[in-house]
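All residue numbers in this chain count up from 1 along the given sequence.
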Amino acid sequence: SDEFYEEDEMEPESYLAVMRAAKEMCYTRKYYDVSADKIIYFPSITKTIVNNDLFEKADEYYFDEDDEFPTDYSMALRAIALDQMVAEDEEA
């Protein structure tokens, strides 16, 4: 994942695959939280990254069936998502 932080941008094929997967999987359901008086959309991008579902779906859109979504990107995005979850827990 050190290499990921040195790059300016994600390769276009990886970016498109993960974005397409996110649009298909994330925030597709909702419920009304009465106590907070707001609508909650789920699953979040953070949770689908942490539990690896997003990358499994991104594999389907990344080049051919034989190609896998790059591990460096999935590891770096998981590290960022875990940091986000920790920050959200500290705010609560």
Original post:
Is there a donor-acceptor pair under 3.5 Å between the side chain of Asp59 and the backbone N or O of Glu68?
Top reply: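 No, Asp59 side chain to Glu68 backbone: no donor-acceptor pair under 3.5 Å.
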**OP:** Give a yes or no on whether the backbone of Glu11 and the side-chain of Tyr73 come within a donor-acceptor separation of less than 3.5 Å.
**Re:**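 It does hold such a pair.
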Original post:
Among all residues two or more places apart in sequence or in another chain, which pass the side-chain contact (heavy atoms from CB on, under 4.5 Å) test with Glu56?
Top reply: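 Checked Glu56 against side-chain contact (heavy atoms from CB on, under 4.5 Å); matches are Asn52, Asp53.
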[X] with [Y], same ILVMFWY side-chain cluster at under 4.5 Å:
X     : Y     : result
Leu54 : Phe63 : yes
Tyr15 : Tyr62 : yes
Leu16 : Phe69 : yes
Tyr61 : Met25 : no
Val18 : Val50 : no

Original post:
Which pair of heavy atoms, one from Ala17 and one from Ala58, lies closest together, and at what distance?
Top reply: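 Nearest pair, atom of Ala17 first, then Ala58: CB-O, 3.6 Å.
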To the nearest 0.5 Å, what is the distance between [atom1] on [X] and [atom2] on [Y]?
X     : Y     : atom1 : atom2 : answer
Asp67 : Glu65 : CG    : CD    : 10.0 Å
Met19 : Lys23 : CE    : NZ    : 5.5 Å
Glu88 : Asp83 : CD    : CG    : 11.5 Å
Asp89 : Gln84 : CG    : CD    : 10.0 Å

Subject >> Those residues that, when tested against Glu13, pass salt bridge (Lys or Arg N to Asp or Glu O under 4.0 Å) (two or more places apart) >> reply: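 In terms of salt bridge (Lys or Arg N to Asp or Glu O under 4.0 Å), with neighbours along the sequence ignored, Glu13 is linked to no residue.
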Subject >> Thr48, Thr71, Ile49 screened by side-chain contact (heavy atoms from CB on, under 4.5 Å) with Phe55, the one that passes >> reply: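 With Phe55 as partner, side-chain contact (heavy atoms from CB on, under 4.5 Å) holds for just one option, Ile49.
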In a table with atom names and distances, give each donor-acceptor pair under 3.5 Å that connects a side chain of residues 35-47 to protein atoms at least two apart or in another chain.
{"residue": "Ser35", "atom": "OG", "partner": "Asp33", "partner atom": "OD1", "Å": "2.7"}
{"residue": "Asp37", "atom": "OD1", "partner": "Tyr32", "partner atom": "OH", "Å": "2.1"}
{"residue": "Ser44", "atom": "OG", "partner": "Lys47", "partner atom": "N", "Å": "3.0"}

